[in-house]
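Lettering of chains follows the sequences in order, A, B, ..., and the numbering in each one begins at 1. Since the structure is predicted, the reported quantities are computational estimates derived from the model, not experimental observations.
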Protein chains: 2
Amino acid sequence: MRSIGALGKATNTKVETIRYYERIGLLAPPQRTDGNYRTYDDEALARLSFIRRSRDLGFSLDQVRALLSLTDQGTQDCKTVDRIARDHMAEIERKIADIIALRHELSTMIESCGGGNISECRIIEALSPFDN
Amino acid sequence: MRSIGALGKATNTKVETIRYYERIGLLAPPQRTDGNYRTYDDEALARLSFIRRSRDLGFSLDQVRALLSLTDQGTQDCKTVDRIARDHMAEIERKIADIIALRHELSTMIESCGGGNISECRIIEALSPFDN
DNA sequence: TCTTGACCCTGTAGTTGCTACAGGGAGCAT
DNA sequence: ATGCTCCCTGTAGCAACTACAGGGTCAAGA
């Protein structure tokens, strides 16, 4: 059994975040000590680790919730898990395409600017709606 | 002169967003009609277009505010504009590196999963903290 | 003329995923 | 007894919008 601070350290999670996960129902309310402190067992540690790893991989809290409920059911419904993961992957691919296009636009814009204190700023021009 | 709805259509911006920009001081409060409707001139259109284009390129509202104040001053301080743009570019590069690493992790995880209704789900395993 | 419908107004609350207090209590060391 | 670190609840804040609720305005059609 460990305190919320210890759990936070073990999972690299802020104490407030753990309480937040409890509040939104991702983590079950843990047992309390006489002094009303939360105490966590190894299962809670495993669950929070799972949540954090999923979050690190970019899953939304809703997706994490779905993944958790699938593992809670113990049905090992790999098809559904796979779909969630693949959906997420597709979104990541979209984001990559978007951000790379954006980088291209940005770099074109920046390159067209000499960078000095000139009277006509190409960056501002590039952002402006009309040719002036 | 155009209504807020017309301005929204012209700049692909929701009406609520325009009012929001006004509330946070990005857009000046426009003139009103007798019926208390906002009316926008071409300058407002140009300004909102600038904001939207900057936002599309991923600049934060704070960055947009800085860029706008630079253009408002008319000093054409290209050095500062360039710095803002380059800072933003560096952040984009960081994000690209992060998301590509993430894609790699995700795809490795997904590939290790057959995708059927098997008793052991590799994705869940990959997300779990302990080998089971 | 009346009515319908599209638009507009203000103000507030919700979204995501936390984070940061404020104002207090618990527990341990000195 | 005092200080210190941790913990508690509850609420408000962040970005950048978005979505109402509960009304007012205005132009067109029957």
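- The pair B:Asp98-B:Arg94 does not meet the salt-bridge criterion, since no charged nitrogen lies less than 4.0 angstrom from a carboxylate oxygen.
- Judged by closest nucleotide on DNA chain C, B:Lys9 is the one of B:Lys9 and A:Arg55 placed further toward the 5' end.
- With hydrogens and angles ignored, the 3.5 Å screen pairs no side-chain donor or acceptor of B:His88 with any backbone N or O of B:Ser60.
- To the nearest angstrom, C1' of D:dT25 lies 15 Å from CD1 of B:Ile4.
- In this entry the distance linking CE of A:Met1 with P of D:dC6 reads 20 Å, nearest Å.
- Scanning residues 10-28 of chain B for heavy-atom distances under 4.0 Å to DNA chain C yields B:Arg19.
- For the pair A:Phe59 CZ and C:dC18 P, the computed distance is 15 Å after rounding to whole Å.
- Across every non-hydrogen atom of B:Leu102 and A:Gly58, the tightest pair is CD1-N, 4.3 Å.
- Both A:Val15 and A:Leu26 sit in one connected hydrophobic cluster of ILVMFWY residues. Membership requires side-chain heavy atoms under 4.5 Å apart, directly or through other members.
- In this structure a side-chain-to-backbone donor-acceptor pair under 3.5 Å is present from B:Thr13 to B:Thr11.
- Criterion: ILVMFWY side-chain heavy atoms under 4.5 Å apart, direct or through other members. Under it, A:Ile24 and A:Ile18 are part of a common hydrophobic cluster.
- Contact check on B:Arg47 versus B:Asp41 returns no salt bridge, with no Lys/Arg side-chain nitrogen under 4.0 Å from an Asp/Glu carboxylate oxygen.
- Ionic pairing of B:Asp56 and B:Arg52 is not present here: no N-O contact between side-chain nitrogen and carboxylate oxygen is shorter than 4.0 angstrom.
- Residue A:Arg38 has no polar side-chain atom (N or O) positioned under 4.0 Å from OP1 or OP2 of D:dC7.
- Distance from the side chain of A:Arg32 is smallest to D:dC8 among D:dC7, D:dA16, D:dC8.
- Between A:Arg53 and B:Glu105 there is a salt bridge, with a side-chain nitrogen of the basic residue lying less than 4.0 Å from a carboxylate oxygen of the acidic one.
- Per the geometry, CD1 belonging to A:Ile51 stands 14 Å off C1' belonging to C:dC18, to the nearest Å.
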List the protein contact pattern of nucleotides 25-30 of chain C with one symbol per nucleotide (5' to 3'): B for base contact, S for sugar-phosphate-only contact, - for none; contact means a heavy-atom distance under 4.0 Å.
-> BBS---
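- Rounded to an integer number of Å, the gap from CG of B:Leu7 to C1' of C:dC9 is 16 Å.
- As rounded to whole Å, 7 Å separates atom P of D:dA16 from atom CG of B:Asp62.
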